Amino acid sequence: MIDNLDLVGLAEAIAAGDISAEQATAAALSRAQNNHLNAFVRIQPEAAMEAARAADQHRAAGQPLGPLHGVPLAHKDMFYRAGQITGCGSKIRQDFRPDQTCTLLSALDAAGAIEIGQLHMAEFAMGPTGHNAHLGRCQNPWLPDAISGGSSSGSGTSVAARIVAGALGSDTGGSVRLPASFCGVVGLKPTHGRLTPAAMMPLSESLDTAGPLATSSRSVARLMSVLTGEPMESGLNLPLTGLTIGVVVEQDLGDCATETLTALDEAAAALRDLGATIIALRLPALDHYAAMAGLVWAPEAAALHLDHLRHRPQDFGPQVRNRLLHGLSMAATTYVQARRLRAADLAEVMAGPLAQCDVIALPVCRILTPLAQHADADGGPEMDQIIGGLSALTRGFSYLGLPALSTPMGYDPRGLPIGLQLVGRPRAEALLCRVGHAFERATCLIRNPLLTTAQPS
Amino acid sequence: MDKPENWLFCAQGIAPACSEQAAKDSARITRHWQADRALLDHAAARPNAAALFDTAMGAFDRMLKP
């Protein structure tokens, strides 16, 4: 029963007494401890079970329940909890114990959630594949040889494998949306600044944002309500009538896989059937926005890691070290000009594409989910091409600061998911969840990989 | 130490091991320099380029808020 519930369903079942927090947490721990996905870096079974029993006692005493009461979760290993190790996917911080707790974790705690462990991630959140030179590779539950996506690799994998019903990730250039897409779940990159970055590992302060992953848009909305303290669920069931959705035309998507374009066409048809007005949307500057993102994050990341580059260069994985060195070599004027141009570019999008439509629809990724043997670059010359190609359709919206939601829109011939990206105006997270919720209910494309078998081509 | 990127790394105190690593990939780093400059040249040719020099950085953050 638990496997079939999304986060909202599980929370409702616990609140109703149909499932105890202890049962839900024990099931999550069992799955977390018995798989070969490499999704977890640490698990806290005793503390989680103790919290679950306390949650059940709390309910039995008739006390008010939070919106996540007794729901087991796990998060990317970069959200600080005072006194507990936060490794950030690295060797350099493998023993790091922060002295403060992330505001977002505190909000989840206050809502009654139970954290069962910390999740695999790319080293310092740099890498879109699930590759990690220190931790090994996180596997895709649909196909072990396929990449999970990253940098929130464990978040995508653990949610897709129904180990936990929800997880926090972070997104600087696609790090929530890519694993959500490759693993077949829902992921939201909120508007830049919508969620506080307090006490979470920084990578690029101009682009970073935390973001939730779950198996439904309504569950993502529930998590966002808790994280922001603002209502995100009240309009979820409104029809899409009156909304205009701009589907980015093929010529502006670059070299997109045929299967992905077909899935996008079918998604547009489904959204039209739901009552939305569909228009063909030009977005010719998408590659430009993606390129600008690279000029912003790289020097910011290099500046953050300057001391590590000076004193512990050998402790970086080759892929991450070389990407940081790129940022270190960038001219200050280049960085400043790219940041200044950002306001003009956002104004251009607001006055153009986002004036023509309420939501922009496009794929999350141009290519079908690659196998690890083709994507796990070790830092050599092919690295930039692979990484840049994976995030070509996501980085630009990070540069623009706009919210973007990923939800499955189809499956490729191997049975691996293909992600739809819905982009909105600033602070349009609730609208994106509403569109995603309607789309998911109509298409039923969120599936359980444990009940399906994908095949390598 | 004859390559500009090595000078750059040393000036910022990057350890020799790291500098040697960078030297192995010096062609790639040089391509980055050239690509970065080309991107900005491209940006300067765009219609909204005037904003490149007269838009305060805070304008972006204000646009994201209610």
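Remember, it's a predicted structure, so these values are computed and weren't measured experimentally. First the proteins, then the strands, lettered A, B, ... as listed; each starts at 1.
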Fill in: Contact class of A/T191 relative to chain B, heavy atoms under 4.5 angstrom
side chain

Practice prompt. Select one option (side chain, backbone, both, neither) describing which atoms of A/A298 are under 4.5 Å from chain B's heavy atoms.
Written response: neither

Worksheet item: So how far is it from A/R342 CZ to B/M63 CE, rounded to the nearest 0.5 Å?
Response: 10.5 Å

Worksheet item: Can you tell me how far CZ of B/F60 sits from CG of A/D345, rounded to the nearest 0.5 angstrom?
Response: 9.5 Å

Worksheet item: By a 4.5 Å heavy-atom criterion (distance strictly below it), what part of A/L346 contacts chain B: side chain, backbone, both, or neither?
Response: both

Response to the item:
Residue from A/T333, A/D307, A/L400 scoring the most non-hydrogen pairs under 4.5 Å with chain B is A/L400

Fill in: Sequence-distant partners of A/D315, salt bridge (charged side-chain N to carboxylate O under 4.0 Å, His left out), two or more places apart
A/K91, A/R312

Discussion item. Within this structure, what is the NE2-CG distance for the pair A/H192 and B/D61, rounded to the nearest 0.5 Å?
Written reply: 7.0 Å

